[in-house]
S.K.: 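Dropping a structure here in structure tokens format, bear with me for questions.
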There are 2 protein chains.
Amino acid sequence: MSKNPAPLPFDLKSLEVFLAICETGTMSAAARALGMTQPAVSQSIADLEQSLGLKLLDRDVRPLAVTVAGGLLRQRAGALIGEARQIAPMLRQTEHGKLPIIRVGLVDSLTRALTEPLANYLATIADEVSILSGLTALHAGDLLTRRLDLFLGVDDLETWTGLERWQFAKEPYCLLLPESLKAPRTVSELKKLAEAQPLIRFSARSQTGLQIDAHMRRLGLSPPRTMEFDSPYAVTAMVAAGRGFAITTPLCVVEAAIPGAPITTAKLPGPQVSRTLTLVARHRELGRIPRDLSDLARKSLDQATSSK
Amino acid sequence: MSKNPAPLPFDLKSLEVFLAICETGTMSAAARALGMTQPAVSQSIADLEQSLGLKLLDRDVRPLAVTVAGGLLRQRAGALIGEARQIAPMLRQTEHGKLPIIRVGLVDSLTRALTEPLANYLATIADEVSILSGLTALHAGDLLTRRLDLFLGVDDLETWTGLERWQFAKEPYCLLLPESLKAPRTVSELKKLAEAQPLIRFSARSQTGLQIDAHMRRLGLSPPRTMEFDSPYAVTAMVAAGRGFAITTPLCVVEAAIPGAPITTAKLPGPQVSRTLTLVARHRELGRIPRDLSDLARKSLDQATSSK
DNA sequence: GGCCTACTATAAGTAAAGCTTATAGAGGCC
DNA sequence: GGCCTCTATAAGCTTTACTTATAGTAGGCC
């Protein structure tokens with residue numbers, strides 16, 4: 001528990017002293033510039049050299065020269081202090097309770113149902129709101145590399161640590177058929193259907209597609225991979241056009257929003273499987289926002305599906 | 001002189017404490033993880049909040065929640081500390097007296113004379129050496145944006161501060177003529193020559209070309225802009241091919257390295273002008289390296305021109 | 001509600017860090 | 001050499017940061 005990964009060998013103050021020496025060229029001038037005395041500067045820099053175990057200044061020449069390591073430290077320390085100086089003003093922007101910006105990933109199949117409520121809520125907590133629809137796999141990468149603050153999708157990234165997860169919906173996979181077709185009631189009827197009609201697939205790039213593929217294998221089904229799509233709309237539209245049947249979820253059908261389409265959903269024969277929709281964020285970075293957002297998502301989805 | 005641009009409202013230590021709280025979820029656990037006592041953590045964070053003038057933690061709920069500002073600080077502080085941790089190991093790489101990498105810009109007209117000696121020397125002070133030949137104007141931009149560590153060229157960037165400059169050569173502009181032509185001895189003879197023969201120009205993208213153009217205007221000459229080139233080799237080769245005459249410098253002719261070419265140099269009539277070759281680096285970042293390099297450049301050029 | 005547990009805040013004392021003044025030594029310049 | 005300006009070291013002091021001790025508070029459990 002108490003593993004100390006080596007304490008930092010400097011603090012920002014001593015870096016500022018070092019930079020002042022670099023800029024003025026002498027310790028005395030640096031001391032004047034910083035409003036301290038010359039011995040304080042001398043000691044500070046001696047301590048810094050000691051804790052780094054490196055000489056930073058070449059005291060044999062006048063004016064003082066920096067060593068190789070000193071030059072490198074000057075570069076990096078300058079950058080570090082520059083960034084540090086930006087932090088406080090940025091925090092102050094949040095004083096009226098708003099973040100400067102919040103970036104949210106939203107899985108395609110929830111775009112229609114959630115974009116508006118999410119955006120309305122997020123606008124109350126951030127000055128700039130960015131909602132990016134797409135595949136959860138891409139959002140996951142963006143979250144881990146800090147290009148996103150959180151995402152709502154179908155992968156909870158359970159293999160990663162340092163994340164917080166809020167489940168806000170769970171829905172069964174179901175069959176989606178043209179109205180003209182009769183729904184299979186057993187696995188063997190489903191097999192027959194799959195031989196007679198092409199399966200319109202979600203692509204294996206999407207998490208949903210992967211889960212459906214895995215379930216099909218469990219059922220012993222391996223229909224040919226003839227048509228696959230990334231978007232819920234595309235899958236639904238193809239079924240509505242009578243081009244085949246699909247395995248999908250209620251929310252995906254809602255997402256497609258094709259009113260009056262000649263389609264019908266049916267229970268998937270065999271063991272039930274469902275997908276869980278999860279909000280994922282880096283642990284504790286956003287306070288209560290993730291929890292509030294998942295509550296909002298749950299409520300919004302209840303409304304969207306009940307009014308259907 | 002003693003303008004203090006507001007001292008930083010935190011040091012790295014207090015950020016580490018804050019991050020530990022974020023990770024563990026409680027101050028007590030953070031204290032254990034950091035090997036300090038709980039009141040120390042409590043005070044540290046209270047001081048941090050005070051000096052920022054912001055609440056970072058929401059103490060009304062358990063487990064502790066971060067505020068909006070706290071979440072933002074966690075992001076930025078995490079990044080800052082991550083960078084800080086990289087600095088010391090990087091400096092240690094220089095312990096054997098070598099930089100991890102050094103990137104040098106070299107004006108085209110010195111490429112032939114200086115590439116080898118520079119590279120040999122730089123290899124002794126850096127593990128990785130990058131010498132980029134090109135126009136000084138481009139190198140200047142790269143230096144200011146830290147894509148280069150220093151450059152050797154014909155512009156000392158006098159309008160910029162925070163740079164150090166080392167002059168290592170000065171050479172007069174001179175005429176370069178095909179052997180078949182007689183050298184003009186007066187400005188009026190030069191004028192006649194310019195009417196009879198095209199002037200092969202250095203392009204106005206190059207500093208040398210600009211200086212030559214300016215001098216021509218001072219002399220009251222404005223020959224048509226028929227042929228212009230970026231590279232010293234191109235200018236010299238065109239003169240050698242009898243396509244006209246040029247105003248250039250001894251080092252540019254050396255650079256072209258066209259042995260036995262039917263060309264001759266001559267003093268430029270009228271007031272003498274010369275160009276100064278300067279090494280420019282960000283002030284004090286590289287210790288004695290810029291001085292040593294300019295000495296080396298001076299010696300190498302002496303050899304190159306005397307052996308000519 | 002009342003009790004228990006685990007947490008946080010405050011107070012007072014202490015140890016350590018950092019700063020100041022005073023002074024000695026060293027390099028550059030006339 | 002003599003002078004000026006710089007840096008390093010020493011001794012004392014101030015401030016900071018930490019510790020122990022203790023009081024207060026939220027949440028879980030009966």
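Labels below follow one simple rule: chain letters A, B, ... track the order of the sequence lines, proteins then strands, and each chain is numbered from 1.
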S.K.: On DNA chain C, check which nucleotide each of Asp47(A) and Gly25(B) is closest to and give me the residue with the more 5' one.
M.R.: Gly25(B)
S.K.: Are Arg298(B) and Asp295(B) close enough for a salt bridge, meaning some N to O gap below 4.0 Å?
M.R.: yes
S.K.: Does the side chain of Glu158(A) come under 3.5 Å of the side chain of Trp160(A) through a donor N or O and an acceptor N or O?
M.R.: no
S.K.: Expressed in angstrom and rounded to an integer, what is the separation of Gln50(B) atom CD from dA9(C) atom P?
M.R.: 14 Å
S.K.: Once you round it to whole Å, what is the distance between P of dT7(D) and CG of Leu57(A)?
M.R.: 9 Å
S.K.: Assess the side chains of Thr276(B) and Gln167(B): does a donor N or O sit below 3.5 Å from an acceptor N or O?
M.R.: no
S.K.: Whole angstrom is fine here: how far is it from CZ in Phe18(A) over to P in dT7(D)?
M.R.: 14 Å
S.K.: Of all the nucleotides listed (dT8(C), dT21(C), dC19(C)), which has the minimum atom distance to the side chain of Ser42(B)?
M.R.: dT8(C)
S.K.: Round to the nearest Å and state the distance from Gln38(A) atom CD to dT5(D) atom P.
M.R.: 14 Å
S.K.: Of the options Thr278(A), Leu150(A), Val280(A), which is the one that meets Leu163(A) in a side chain to side chain contact (heavy atoms under 4.5 Å, CB included)?
M.R.: Val280(A)
S.K.: What integer distance in Å separates Asp11(B):CG from dA17(D):C1'?
M.R.: 11 Å
S.K.: Between dA22(C), dC19(C), dC18(D), spot the one nearest the side chain of Gln43(A), thanks.
M.R.: dC19(C)
S.K.: Mind calculating the distance between CD (Glu16(B)) and C1' (dC18(D)) to the nearest angstrom?
M.R.: 16 Å
S.K.: Tell me whether the OP1 or OP2 atom of dA6(C) has a side-chain N or O from Ser28(B) closer than 4.0 Å.
M.R.: no
S.K.: Given atom CE of Met27(B) and atom C1' of dC18(D), what is their separation to the nearest angstrom?
M.R.: 16 Å
S.K.: Under 4.0 Å between a side-chain N/O of Thr37(A) and OP1 or OP2 of dT20(C), yes or no?
M.R.: yes
S.K.: Between Arg32(B) (CZ) and dT19(D) (P), how many Å, whole number?
M.R.: 14 Å
